[in-house]
Amino acid sequence: MANIAFIGLGNMGLPMAKNLIENGHSVKGFDLVPSLVEKLCNIGGEAADSVSNCVEMAETVITMLPEGKHVEEVYSGSIFQSAKENALLIDCSTIDVETSRRVALKAKELGFEMVDAPVSGGTGGAEAGTLTFMVGGDNQTFEKSRPFLEVMGSNIVHTGGAGNGQAAKICNNMILGISMIAVSESFSMAEKLGLDAQTLFDITSSSSSQCWAMTSYLPVPGPVPTSPANRDYQPGFTAAMMAKDMRLAADAASSVGQKTDLASNALKLYQKYMELGGGSRDFSGIFTMISEGK
Ligand code: NAD
């Protein structure tokens, strides 16, 4: 069993750390929010009072932070100076490909083994230990990180070299962001045409338009009891997070000269929903803006 440092104990990080503890690992954690570090202690973890203190004895360092700037700051500002020489570094945050590759290159120059391993599956998947991990890095480091990822997830995919985990995550969420809007527009139009949501769902959920945004996360209350639409769009996955991922997609597209008309429009719509106050609601709440014709 390993000594693990876990940095970023938010909605995703804390339940991921919990699964590591429950599987016998020693987890020392740090977050800028002290109450989250306390929560880690309450479930059997140990508190650190800084990133340096968190990583200095760890064999494996896991980060779960909001954005690229946080990841770069934490690695370049502390981890690279304080981690043990042979520590394995696993960044599970969703960030831009460029920053991810820059940090991985720096890690390599300093002699660390590192993978980017962003996740899909949300807070439910983090709690259940059923996340999908998209892992970028060389074969050897992927295999070394696998036993830790298998404790937190059920689908571990090696996507290629450094930054390719982020590329996979960004492409996945670009489809999700667009498809949620497509489902919202369609179900809103159906309602106005006098077509019952359950009737449309019974058809579309087993027809050619079937997708996850519809069958697992339908933005209309009723047909999918577990979807956030049935709890007044409490997240889940916030609209602000989705807007962040659509921005990452826009940046990634422009870095390789890829035209993404639908994704560009989707980003504008999520930004508008945020301006209307929807940022902290579930991203499927965009249905309400669309159905109100805003
Ligand atoms: P969150 O905001 O709940 O947690 C992030 C934590 O990082 C916060 O507690 C914050 O205090 C901490 N933090 C920020 N800077 C720090 C620093 N310098 N040192 C220590 N701690 C620091 O976010 P989350 O929902 O847990 O998401 C984390 C990452 O996972 C994001 O990149 C997000 O895009 C990705 N993600 C989230 C979900 C989801 O459903 N929430 C799903 C898939 C992927």
Side-chain angles (χ1 to χ4, degrees), residues 5-19 28-40 45 47-55 61-82 90-97 99-100 103 116-135 149 152-153 155 165-166 168-174 176-177 180 212-213 216-217 227-228 233-249 251-252 270 279-285:
F6 207 115
I7 299 155
L9 300 167
N11 292 326
M12 296 294 288
L14 192 65
M16 289 164 72
K18 183 168 185 263
N19 283 323
K28 189 167 184 178
F30 178 69
D31 195 289
L32 294 176
V33 179
S35 62
L36 293 173
V37 181
E38 237 171 76
K39 278 190 183 169
L40 180 75
D49 56 14
S50 66
V51 174
S52 301
N53 173 244
C54 189
V55 303
V61 175
I62 302 177
T63 46
M64 192 50 163
L65 298 162
E67 295 182 33
K69 62 183 178 195
H70 307 107
V71 169
E72 191 140 45
E73 177 195 309
V74 164
Y75 278 90
S76 295
S78 301
I79 295 176
F80 289 151
Q81 290 85 343
S82 306
I90 304 176
D91 179 34
C92 297
S93 327
T94 300
I95 66 168
D96 60 288
V97 177
T99 302
S100 183
V103 173
D116 50 294
V119 307
S120 169
T123 49
E127 273 151 30
T130 56
L131 293 168
T132 291
F133 282 90
M134 295 153 262
V135 191
L149 304 181
M152 302 181 282
N155 187 19
Q166 299 298 348
K169 169 72 184 171
I170 290 167
C171 290
N172 178 74
N173 276 27
M174 185 169 110
L176 175 63
M180 181 55 76
W212 188 91
S216 296
Y217 228 68
S227 80
Y233 303 100
Q234 292 305 305
F237 186 60
T238 63
M241 285 278 189
M242 179 49 86
K244 179 197 107 174
D245 288 358
M246 296 307 285
R247 248 190 322 271
L248 291 178
D251 292 346
Y270 286 111
S280 58
R281 314 198 84 194
D282 190 80
F283 79 109
S284 59

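Each ligand, and each atom within it, is numbered from 1 in the order the structure gives. Only this structure's heavy atoms are used, side chains among them; waters, hydrogens and symmetry mates stay out.
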With backbone taken as N, CA, C and O and side chain as the heavy atoms from C-beta onward, which portion of Lys169 lies under 4.0 Å from ligand 1: side chain, backbone, both, or neither?
side chain

Min side-chain heavy-atom separation Asp116-Val97 under 4.5 Å
no

Determine, step by step, whether Ser52 and Ser82 satisfy the side chain to side chain donor-acceptor pair (under 3.5 Å) criterion, reporting the C-alpha distance in whole Å, the side-chain angles of both residues, the deciding distance to 0.1 Å, and the verdict.
CA-CA 5 Å; Ser52 301; Ser82 306; 3.1 Å; yes

Counting from 1 in the order shown, the ligand 1 atoms closer than 4.0 Å to a non-hydrogen atom of Val33 are 11 (O)

Considering only heavy atoms of Met241, which atoms of ligand 1 have at least one such atom less than 4.0 Å away?
23 (O), 24 (P), 25 (O), 27 (O), 33 (C), 34 (O)

Phe237 side chain reached by Asn173 side chain, heavy atoms, under 4.5 Å
yes

To the nearest 0.5 Å, tell me how far Met241 CE sits from Ser280 OG.
11.5 Å

Geometry only, no angles: is Leu9 polar-contacting ligand 1 at N/O separations under 3.5 Å?
no

Counting non-hydrogen protein atoms only, what is the nearest one to atom 4 (O) of ligand 1? Give residue, atom name and distance.
Gly10 CA, 3.3 Å

Would you name the heavy atoms of Gly68 and Ile95 that are closest together and state the gap between them?
N-CG2, 3.4 Å

Subset of ligand 1 atoms that lie under 4.0 Å from at least one heavy atom of Leu36:
9 (O)

Atom 14 (C) of ligand 1: nearest protein contact (heavy atom, Å):
Pro66 CD, 3.7 Å

Look at atom 30 (O) of ligand 1 and say which protein heavy atom is nearest, naming residue and atom and giving the distance to 0.1 Å.
Met64 CE, 3.1 Å

Quick check on contacts: which atoms of ligand 1 are under 4.0 angstrom from a heavy atom of Val119?
43 (C), 44 (C)

Do side-chain atoms of Gln81 reach the backbone of Ser76 as a donor and acceptor pair under 3.5 angstrom?
yes

Between Tyr217 and Asp282: side-chain donor-acceptor atoms closer than 3.5 Å:
yes

So if I count the atoms of ligand 1 from 1 in the order they appear, which ones are less than 4.0 Å from some heavy atom of Phe237?
38 (C), 39 (C), 40 (O)

Can you tell me the protein heavy atom closest to atom 21 (N) of ligand 1 and the distance?
Leu32 N, 3.5 Å

Any luck finding a side-chain donor-acceptor pair between Asp96 and Thr99 under 3.5 Å?
yes

Identify the protein heavy atom lying closest to atom 41 (N) of ligand 1, giving its residue, its atom name and the separation to 0.1 Å.
Met12 CG, 3.7 Å

Using a strict cut-off of 4.0 Å, indicate which atoms of ligand 1 neighbour a heavy atom of Gly8.
7 (O)

Using distance alone, determine whether Leu65 and ligand 1 share an N or O pair under 3.5 Å.
yes

OG of Ser120 to CG of Leu176, rounded to nearest 0.5 Å, is 8.0 Å

Under 4.0 Å between heavy atoms, the region of Val74 that gets near ligand 1 turns out to be side chain

Check whether Lys169 reaches the backbone of Asp245 with its side chain - one donor and one acceptor, N or O, closer than 3.5 Å.
no

Going by the atom numbers of ligand 1, which of them fall below 4.0 Å from some non-hydrogen atom of Lys244?
31 (C), 32 (O), 33 (C), 34 (O)

Among all the protein's non-hydrogen atoms, which is closest to atom 36 (N) of ligand 1, and how far away is it?
Thr94 OG1, 4.1 Å

Considering all heavy atoms, the nearest Leu131-Gly122 contact
CD2-O, 3.6 Å

Proximity of Ile7 to ligand 1 by residue part, where a heavy atom lies under 4.0 Å
side chain

Against heavy atoms of Phe30, which atoms of ligand 1 measure under 4.0 Å?
19 (N), 20 (C)

Can an N or O of Asn11 be found at a distance shorter than 3.5 Å from an N or O of ligand 1?
yes

Can you check whether Asp31 has an N/O within less than 3.5 Å of an N/O in ligand 1?
yes

Point-to-point distance, once rounded to the nearest 0.5 Å, from SG of Cys92 to CD1 of Ile7:
11.5 Å

Might you point out which heavy atoms bring Gln166 and Thr94 nearest each other, and give the distance in Å?
OE1-CA, 3.6 Å

Is the shortest N/O to N/O distance between Asp245 and ligand 1 below 3.5 Å?
no

